[in-house]
Structures are given as C-alpha cells and as structure tokens.
Amino acid sequence: ENAYAPALYDTALKLAVGKSDRFIKIGDPKKITLVDKATLDCDPRIATAPVVEAKFDLVPAQCVNKVAEDNQLKVTGKVAANVRFVATVDGQSISLKQELREKLSAAGTLTLADLQAAYPNYAVPYGKELQVQMYYFDAENAYAPALYDTALKLAVGKSDRFIKIGDPKKITLVDKATLDCKVTDPVAPEQPKVTDPVAPEQPKVKEPNKEQPGKSAIAVKPGKKATLPQTGSSAGLLAIFSILTLFAGITLMRTQRKES
C-alpha cells in the first residue's frame, strides 16, 4: 500500500533472493543453533531404579528351643517375578534357580539344605562368608541401560540387564551339625524363705486388786483367820499389820505394869 514513511524501512537488510526495499523491522530477532535430530538420544526408558516390595535377611545356623536350625534366607513382602537373588562365595556368583525363587516366594524361607538339593554338585564351604544381593531383572527392557550392574559376572547365565536393589547381606556359613543344642538351661538356686521375725512374748503383769467403795480389800469369814494374798502389795500390808500388832502388845503390857 506504500502507506508508511520510508524512514521506517530496514535499508540494511539484503535478501539473497528478491527485494526488501519496503521491509519494516518488528521487535528483536531470535536465534538458535541448528541440531541434527538424528544425533539425539530420545530413549523413553525409565532412568530411576525400580521399587521392589520384597525385603530379605540372612540368618546363620543357630539353636532355637534346643533344636538346631539351618542357615536361612528369609524374605518378607511380595517377591515379584523380576526379582533375582545372587549368591556369592569365594568370588563365584550364581543367580538362584526359578524353582528356588518360587519356593522362596511361597514359603518365605530357603535353607542351605534347599540350595544343596538344587545344586547337588555344590560343596558347602562352611566357615566362609556368604553374600546375597537382590536384583531386578529388566526383562521388559523398560529401564535405562545406565542402571544395569555391568560389574556383575555370573558363573552360569547372563546378567546384562540386572539392576541392583539395596545393599547385600552377609553371614558366615555354620554347619548346624556342630551346634550343641542339648545344653539345659541353668537352674537358678533356690532362694531361702524369708519369714517375719517373731516378737518376744512380753511377761504378763498382774494388776493389783481393786477395792470397791465401802468394802474391805480382804474378806474374812467368821471363825477363820484372815489370810493375805502373796502379792507385792499384800506382803507390805501384812508387815504393817504385824508391826501394829506388836506395838499394841507392848502398850498393853506397859499399861498392866502401871496398874499393878
């Protein structure tokens, strides 16, 4: 339309093809570096390790209720089909067979005797360290290769897509036949019976006779001599009575002499 002033035109612009004599610049330019998409790694696989519900532990042979129990691998939680257990002794590693994984999933426990039955040519190295590591086998190829344990080498089979889960567990293998589980529990010595001390019996104190008002302490029947009970108080009264009798006798004798 040729409606704008020529001063707005970008006279510095030079096109390789065509004319730009009436081009007006709008805003600032944008820039990128061109990349060949064929060189891009657009792997859609998961970059973080899988979450496994199962937890495991190793228990050496020991006496339980006076019975020898074998070395055990115990698992809690659901054991998924992709979970693998790799046992290592003396640098040799094996991934447990499917039959052992199924038994472990069903019973929750594997004994060393179970391993011997599954691997009859395997001599158990008692006294040596057993290490067990749990892995996730990426059967679906759903995880990024960077997660794979490339350092793992199995004596039998491949481990090119094994992803390590958690830390390994270790025990020293013990031959349960060497355990002495018949030792009886020590009997605690019988404690002496404690009885309460018996307080010594206090001597009974006889209370003195209490006189009733208007009555004599000693009742004398007619025709009988008065007798005093032999107590501390009555003995004193008897002595006083004897002195008074003697004094009365002396006074009577003196009176008779004067009269004569």
Side-chain angles (χ1 to χ4, degrees), residues 45-183 185:
R45 291 178 290 184
I46 304 170
T48 57
V51 177
V52 175
E53 179 182 342
K55 306 295 181 184
F56 80 99
D57 201 1
L58 296 178
V59 181
Q62 58 185 323
C63 294
V64 178
N65 297 326
K66 299 181 182 180
V67 176
E69 288 193 352
D70 203 355
N71 304 266
Q72 297 179 1
L73 167 61
K74 293 188 174 183
V75 173
T76 57
K78 182 181 179 181
V79 181
N82 294 60
V83 171
R84 299 290 185 270
F85 292 93
V86 174
T88 302
V89 177
D90 278 347
Q92 296 293 316
S93 299
I94 60 171
S95 178
L96 300 187
K97 295 179 178 180
Q98 182 177 353
E99 62 185 88
L100 293 175
R101 299 198 305 269
E102 291 175 351
K103 183 173 183 178
L104 185 61
S105 179
T109 302
L110 278 182
T111 65
L112 191 58
D114 295 328
L115 295 179
Q116 288 178 294
Y119 302 97
N121 296 326
Y122 177 68
V124 179
Y126 290 116
K128 292 191 176 181
E129 184 180 78
L130 166 68
Q131 173 181 296
V132 175
Q133 172 69 57
M134 185 162 60
Y135 284 90
Y136 182 92
F137 174 52
D138 186 15
E140 298 81 11
N141 199 19
Y143 291 87
L147 297 174
Y148 300 155
D149 185 1
T150 56
L152 175 63
K153 305 298 180 185
L154 296 178
V156 178
K158 296 181 179 180
S159 61
D160 52 352
R161 286 187 283 169
F162 276 43
I163 301 174
K164 186 182 293 186
I165 304 297
D167 297 322
K169 302 292 178 68
K170 301 177 182 180
I171 62 168
T172 298
L173 295 173
V174 177
D175 185 356
K176 72 173 186 177
T178 63
L179 299 178
D180 183 7
C181 299
K182 296 182 180 179
V183 179
D185 297 331

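Here, residue 1 is the first one in the sequence, and each next residue gets the next number.
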So, for [X] and [Y], which heavy atoms are closest and what is the spacing to 0.1 Å?
X	Y	answer
A68	L179	CB-CD1, 4.2 Å
A155	Q92	CB-OE1, 3.8 Å
Y143	A49	CE2-C, 4.3 Å

- prompt: For residues E140 and N82, is any side-chain donor paired with an opposing acceptor at under 3.5 Å?
  reply: yes
query: For T109, which residues count as a side chain to side chain contact (heavy atoms under 4.5 Å, CB included) partner, sequence neighbours excluded?
result: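 Expected list: Q72, K74.
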P145: partners by side chain to side chain contact (heavy atoms under 4.5 Å, CB included), with sequence neighbours left out: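 D43, R45, Y148.
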Does [X] use its side chain to pair, donor to acceptor, with the backbone of [Y] at less than 3.5 Å?
X	Y	value
R101	A81	no
Q133	G166	yes
D114	L100	no
D138	F162	no
N65	V67	no
D70	A61	no

- request: Any chance you could measure K103, atom NZ, to L73, atom CG, to the nearest 0.5 Å?
  value: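 So the NZ of K103 and the CG of L73 are separated by 12.0 Å.
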query: Got a second to check how far N71's CG is from Q62's CD, nearest 0.5 Å?
result: 9.5 Å
message: Considering only residues two or more places apart or on different chains, which pairs with a residue in residues 158-178 satisfy side-chain hydrogen bond (donor to acceptor under 3.5 Å, both in side chains)?
response: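 Every pair satisfying side-chain hydrogen bond (donor to acceptor under 3.5 Å, both in side chains) with a residue in residues 158-178: there are none.
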- request: Using the ring-ring contact (aromatic ring centres under 6.0 Å, His included) rule, collect all pairs that involve residues 66-95, keeping only residues at least two apart or in two chains.
  value: F56-F85
message: Can you confirm whether P60 sits close enough to L173 that some side-chain heavy atom of one is under 4.5 Å from a side-chain heavy atom of the other?
response: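 When only atoms from C-beta onward are counted, L173 and P60 do not touch, as no gap falls below 4.5 Å.
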Note, V132 side chain near L96 side chain (heavy atom, < 4.5 Å):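 They are not in contact (no side-chain heavy atoms under 4.5 Å apart), so the answer is no.
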- request: List the steps and the verdict of side chain to side chain contact (heavy atoms under 4.5 Å, CB included) for V86 and L154.
  value: CA-CA 8 Å; V86 174; L154 296 178; 4.0 Å; yes
query: For V75 and K55, what are the C-alpha separation, side-chain angles and deciding distance, and is it a side chain to side chain contact (heavy atoms under 4.5 Å, CB included)?
result: CA-CA 6 Å; V75 173; K55 306 295 181 184; over 6 Å; no
Side-chain donor-acceptor distances from residues 118-130 under 3.5 Å, at least two apart:
residue: Y119; atom: OH; partner: K97; partner atom: N; Å: 3.2
residue: K128; atom: NZ; partner: D90; partner atom: OD2; Å: 2.6

- prompt: Does anything in residues 50-100 pair up under disulfide bond (SG atoms under 2.5 Å apart), and if so which pairs, sequence neighbours excluded?
  reply: C63-C181
Evaluation steps, side chain to side chain contact (heavy atoms under 4.5 Å, CB included), between I163 and D149: CA-CA 6 Å; I163 301 174; D149 185 1; over 6 Å; no
